[in-house]
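Keep in mind that what you see is a predicted model, and the values were worked out from it rather than measured. Values below: all heavy atoms of this structure, side chains included; hydrogens, waters and symmetry mates excluded.
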Amino acid sequence: MATISKLSSNLHHPLLSSSHPNTPSSFPNLSFIPIHTPNRSSPPSALLRLRFAIKPSTPSFLVRCSASAGNGSPTKRTTLHDLYEREGQSPWYDNLCRPVTDLIPLIETGVRGVTSNPAIFQKAISSSNAYNDQFKELVQSGKDIENAYWELVIKDIQDACKLFEPIYDQTDGADGYVSVEVSPRLADDTQGTVEAAKWLHKVVDRPNVYIKIPATAACVPSIKDTISLGISVNVTLIFSLARYEAVIDAYLDGLEASGLSDLSRVTSVASFFVSRVDTLIDKMLEKIGTPEALDLRGKAAVAQAALAYQLYQKKFSGPRWEALVKKGAKKQRLLWASTSVKNPAYPDTLYVAPLIGPDTVSTMPDQALQAFVDHGTVGRTIDSSVSEAEGIYSALEKLGIGWSQVGDQLEAEGVDSFKKSFDSLLDTLQEKANSLKLASM
């Protein structure tokens, strides 16, 4: 099986041609960093044991974004290609930084889209010198710090959209998207979120951009309004089935309210978060401490995700949906987010391998992506044990764990985390701006 560490050095990509105006004429030298493979002991449930066929592997490598030069190299074929071609799931990459050309070998590996968020940009911009020249120009031109931030982000998003545009074209707008999130400060501002989505859509000006809107109570109406304007949306921070159903309804309402005769270019994904659910519920189960409770550790997230897929199938069928299909409407695909494993005792593909199914997306950060390429098994798993998932979901409720309360807590924590990342980055940029001003005196 091909791994990211075994990619060949001969890269033939149209965007690397010397005649292409937006890319260098040659691909820079590529480098890798070694990582230790996490513990891949058996997962703590019969449900999961049935789903994993993890093969031992030798130490492997991980593609890393760099400050000044691209890295990584292409491969001929990986399990990511099989994931899409055989099972209809699109593998996306949950990271973005400069140089954006680092994405090219990942595209060759089978990656079909990119997700970003304020935390990703906080890490990228604050830890790299690759943004310094543009930031200096922005500050010297009189841009304030927040506007300068958005200029940095928009350039990355536009450059990434260009790389994925061939996939977007080949799939007639079904895949090849790059996501950019509205300011996390707007999570409780319905109309402000709509205005921010309109602005981002206009300034990015790429057909394959997704505007990310959080699935907070205040922003669910924003989703409907943004979709009704013909703007494609990635709905993020979904942690419960109840909120997921509200998100689907907002998408359907938006399509119906759009007045468009052709709905084929208005698409959406619903980002259902996974690993964070186990992180919180596992703590609750350990606090309960009974053998029954402890036996349910590591099972909640995948069980709820399996039920989300059942809800997806139900909502995107029937007369209402069929009427929209006649106008070209596309399903709002489920996107599995937060797929990295937080507990080293769990298999490193725990939040990828059991969630494979058609018309879905799995967005993976570096380690989850590398792990699945290295030893992931491709096969439809998302609906292979639905009754068992229902049993786990109910068993947790009987122990006093309220799914709505879990969803509310995780949503609040997610919004707060993104706000802190956003504010921290603006503080960092302000410090850089102050240093530039002092240096010029």
Side-chain angles (χ1 to χ4, degrees), residues 4 11 13 15-16 18 20-35 61-73 93-107 111 114-164 178-181 183-184 203-204 365-367 369-370 417-441:
I4 292 177
L11 179 61
H13 193 285
L15 297 179
L16 288 180
S18 59
H20 196 282
N22 296 322
T23 55
S25 60
S26 61
F27 197 63
N29 291 331
L30 309 176
S31 61
F32 298 86
I33 55 172
I35 62 166
F61 298 85
L62 193 64
V63 172
R64 176 179 64 181
C65 288
S66 61
S68 60
N71 61 55
S73 51
Y93 182 50
D94 190 30
N95 196 16
L96 183 59
C97 61
R98 294 185 186 178
V100 174
T101 48
D102 277 355
L103 294 170
I104 294 173
L106 293 177
I107 293 171
V111 168
V114 159
T115 49
S116 69
N117 59 48
I120 285 172
F121 278 116
Q122 191 273 335
K123 181 179 179 181
I125 296 173
S126 64
S127 63
S128 170
N129 294 324
Y131 296 85
N132 287 359
D133 289 345
Q134 185 189 1
F135 181 65
K136 182 178 180 180
E137 291 176 4
L138 292 167
V139 171
Q140 291 176 341
S141 70
K143 294 282 186 180
D144 63 40
I145 296 302
E146 188 165 350
N147 281 325
Y149 161 81
W150 284 112
E151 293 276 356
L152 299 175
V153 167
I154 288 165
K155 175 171 172 47
D156 281 6
I157 296 297
Q158 289 175 327
D159 290 347
C161 282
K162 188 65 178 177
L163 293 180
F164 284 94
V178 179
S179 298
V180 58
E181 191 160 346
S183 170
V203 296
V204 173
D366 288 301
Q367 290 192 358
L369 182 68
Q370 183 274 334
S417 175
F418 285 165
K419 283 180 179 177
K420 286 179 178 177
S421 294
F422 187 76
D423 292 341
S424 174
L425 178 55
L426 294 186
D427 288 343
T428 299
L429 291 175
Q430 184 64 64
E431 291 173 4
K432 285 189 176 184
N434 293 341
S435 297
L436 288 171
K437 290 175 183 177
L438 287 173
S440 63
M441 290 177 66

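In this structure Glu151 satisfies the side-chain contact (heavy atoms from CB on, under 4.5 Å) test together with Gln134, Leu138, Lys143, sequence neighbours excluded. Here Ser126 pairs with Gln122, Leu425, Thr428 under the side-chain contact (heavy atoms from CB on, under 4.5 Å) rule; sequence neighbours left out. Applying the side-chain hydrogen bond (donor to acceptor under 3.5 Å, both in side chains) criterion to Lys155, with sequence neighbours excluded, gives Asp159. The salt bridge (Lys or Arg N to Asp or Glu O under 4.0 Å) check on Asp156 picks up Arg98, with sequence neighbours excluded. Applying the side-chain hydrogen bond (donor to acceptor under 3.5 Å, both in side chains) test to Thr115 and every residue at least two apart in sequence or in another chain returns Asp94, Thr363. For Glu146, the side-chain contact (heavy atoms from CB on, under 4.5 Å) test picks out Asp144, Trp150, Arg185, Phe422, Leu426, with sequence neighbours left out. Asp427 pairs by the side-chain contact (heavy atoms from CB on, under 4.5 Å) definition with nothing, not counting sequence neighbours. Partners of Lys420 under the side-chain hydrogen bond (donor to acceptor under 3.5 Å, both in side chains) rule, at least two apart in sequence or in another chain, are Asp416.
Minimum heavy-atom separation, Ser128 to Ala124: CB-O, 3.2 Å. A pairwise comparison of heavy atoms in Glu181 and Ser116 identifies OE1-O, 4.3 Å as the closest pair. Across every non-hydrogen atom of Phe135 and Leu152, the tightest pair is N-CD2, 4.0 Å. The shortest heavy-atom contact between Thr101 and Pro105 is O-CD, 3.6 Å. Nearest heavy-atom pair across Ala433 and Val139 is CB-CG2, 4.1 Å.
Contact annotation: the side chain of Leu96 approaches that of Leu103 to within less than 4.5 Å [non-hydrogen atoms, C-beta and beyond].
Rounding to the nearest 0.5 Å places CG of Asn95 at 10.5 Å from CG of Leu369. Rounding to the nearest 0.5 angstrom, the gap separating the OG atom in Ser435 from the CD atom in Gln430 is 10.0 Å. Atoms CG and CG, on Leu429 and Asn434 in that order, are 11.0 Å from each other to the nearest 0.5 Å. Separating the CZ atom in Phe164 from the OH atom in Tyr93 is a distance of 10.0 Å, to the nearest 0.5 Å.
Applying the salt bridge (charged side-chain N to carboxylate O under 4.0 Å, His left out) definition to pairs two or more places apart or across chains, none involves residues 122-136.
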